[in-house]
Number of protein chains: 2
Amino acid sequence: MDTEWLDETQLDAWVKLVAVVELLPGALDHQLRRDSGLTHFEYFVLAMLSEASDRTLRMTALAQRTNATLPRLSHVVRRLEERGLVERRPCPEDGRATNALLTDAGWAEVVAAAPGHVATVRRHVIDALTPAQVGQLAEIAEALLERLDPDGHMRRR
Amino acid sequence: MDTEWLDETQLDAWVKLVAVVELLPGALDHQLRRDSGLTHFEYFVLAMLSEASDRTLRMTALAQRTNATLPRLSHVVRRLEERGLVERRPCPEDGRATNALLTDAGWAEVVAAAPGHVATVRRHVIDALTPAQVGQLAEIAEALLERLDPDGHMRRR
DNA sequence: GCGCGTTAGTTGACGGAACAACCAACCTCC
DNA sequence: GGAGGTTGGTTGTTCCGTCAACTAACGCGC
């Protein structure tokens, strides 16, 4: 194993990034659970559906957009269905496939949860940075995603 | 709820940051599990102990350095102890406290895991960025941590 | 020296996530 | 037109994290 160590600056950046990556999901989850009874991941799933045409997506497509494995998504969608936020129906064109579609109740849930979520994002991230830094962050994250997610599943426009 | 929405640039940065935060832990966990049978968090715990004087830390101190709740740490340390990587012994000065100490086997485990881990960090993060971006990343992460971790538990030097 | 509140840590129950095994429908190629 | 392989999803197990409840020890005030 070719062990090139990290220099002072790199180590500093890395340690801080790890801390952020460790803390941020918890902060998001906490607020959403408290105010809306949703996991951040569940919210994300609902949000992706809400943006899709007919509020419908195939499970596979939804899994890619949310970076979930299919088993994980399957479980989550089942729970969301039990809560009446999502409906599952077989895909007419492909007998193997399942379409997940956002119900009216699910739509309402997203709409209700969004403001609080956005406020949290502002408070924890956006407002902590200068406008210039927001731009830098986008570029940095983009560069990282080219390594972490080469196929670009999570950055479809 | 005061709903100031995000503009184009902010949204872009946010979406990408979320993707990174979602993907990075998985990438780290995957490599460490595969090559060393350790969670990233377990590795981090062992690493913190390896840097401490006498390879020993009080549970509370260790929890702060790793941003873990005490229950979480307690479970993890128990598992590590069962694997012989860590030892727990009552603190002489304070009857309530427990000291976690890294065994020789634990030390060997960290030493063995470190090169592969560093290589992963390089590959996924550091090498994807220009030197300037590494500096920017440190500043950005620092700014976020002031919101996410006001008491600075995770950024003791 | 004895209550009372606080601090340190453990334990148990429960929910979510990864992984592997599995089933069913599609495809294609002979 | 059927066999072999691939793709799309679900189910079950196991493990980890969180939360709440609990125990034990400290320390202050009297």
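Sequence lines set the chain letters: A, B, ... in the order given, protein chains first and strands last, and positions in each chain run from 1.
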[Y] and [X], any side-chain heavy atoms less than 4.5 Å apart:
X      : Y       : value
V18(B) : F44(A)  : yes
L49(A) : L101(A) : no
V45(A) : T39(A)  : no

For the pair made of [atom1] in [X] and [atom2] in [N], what is the distance, rounded to whole Å?
X      : N       : atom1 : atom2 : answer
L32(B) : dC16(D) : CG    : P     : 14 Å
D29(B) : dC19(C) : CG    : P     : 9 Å
L70(A) : dA21(C) : CG    : P     : 17 Å
R58(A) : dC26(C) : CZ    : P     : 11 Å
Y43(B) : dC16(D) : OH    : P     : 19 Å
D94(A) : dT7(D)  : CG    : C1'   : 8 Å
E42(A) : dG15(C) : CD    : P     : 13 Å
R78(A) : dG9(D)  : CZ    : P     : 16 Å

- Message: Assuming nearest nucleotide by heavy-atom distance, tell me which of H30(A) and A97(A) is located more 5' along DNA chain D.
- Response: A97(A)
- By nearest nucleotide on DNA chain D, pick out whichever of R72(A) and R33(B) is the more 5' one. R72(A)
- Query: Is there a donor on the side chain of H75(A) or the base of dG15(C) sitting less than 3.5 Å from an acceptor on the other?
  - Reply: no
Between [options], which nucleotide gets closest to the side-chain atoms of [X]?
X      : options                   : value
M59(B) : dC26(D), dT10(C), dG9(D)  : dT10(C)
P71(B) : dG17(D), dT10(C), dA17(C) : dT10(C)
R96(B) : dG16(C), dT10(D), dA25(D) : dA25(D)

- Task: Could you tell me whether T98(A) contacts a base, only the sugar-phosphate backbone, or nothing, with contacts defined as non-hydrogen atoms closer than 4.0 Å?
- Result: sugar-phosphate
- Message: Restricting to non-hydrogen atoms, name the atom on A113(A) and the atom on S36(A) that form the minimum distance, rounded to 0.1 Å.
- Response: CB-OG, 3.4 Å
- Note on the structure: Residues L73(A) and L62(A): closest non-hydrogen pair is CD2-CB, 3.9 Å
- Message: Just N and O in the side chain of R79(B): are any of them under 4.0 Å from OP1 or OP2 of dG17(D)?
- Response: yes
- Query: Want to settle it: does N99(B) or T39(A) sit nearer the 5' end of DNA chain C, counting the closest nucleotide to each?
  - Reply: N99(B)
